[in-house]
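For reference, the structure is listed below as structure tokens.
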Amino acid sequence: MSEGTARNLVTKKVDPFTGELRRRPGSVRCSECGFNGVVYEYSAFSDLLGADVVFCPVCGRRFDDD
């Protein structure tokens, strides 16, 4: 795991329900290592949902742009 921070380069779009700028849940494009993908987590009902991504799953840097 690397030290420091990175940016999640996935473009934020307007959520039609709340009007806030948001990324698609789980979407990641790391500015440091170039990882581009989607991170999922299991819900209580065994459904796959987009995870709230705070760290890059590959290089371990914390995303500082949220």
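- Here Glu32 contributes atom CD and Phe63 contributes atom CZ; the two are 9.5 Å apart, rounded to the nearest 0.5 Å.
- Listed here is the closest heavy atom pair of Arg29 and Thr11: NH2-N, 4.5 Å.
- Side-chain contact between Pro57 and Phe35 is present, with at least one heavy-atom pair separated by less than 4.5 Å.
- Follow the hydrophobic side-chain contacts under 4.5 Å out from Val39 and you reach Val58 in the same cluster.
- Of all the heavy atoms in Arg61 and Ala6, the pair that sits closest is CB-CB, 3.9 Å.
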Could you give me the CA-CA distance, side-chain angles and deciding distance for Arg7 and Asp64, then say whether side chain to side chain contact (heavy atoms under 4.5 Å, CB included) is met?
CA-CA 6 Å; Arg7 294 193 49 134; Asp64 66 353; 3.7 Å; yes

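- In this structure, Leu21 and Lys13 have side chains that are not in contact, with every pair of non-hydrogen atoms separated by 4.5 Å or more.
- Side chain of Arg23 to main chain of Asn8: a donor-acceptor pair is present (N/O by atom type, distance under 3.5 Å, no hydrogens or angles).
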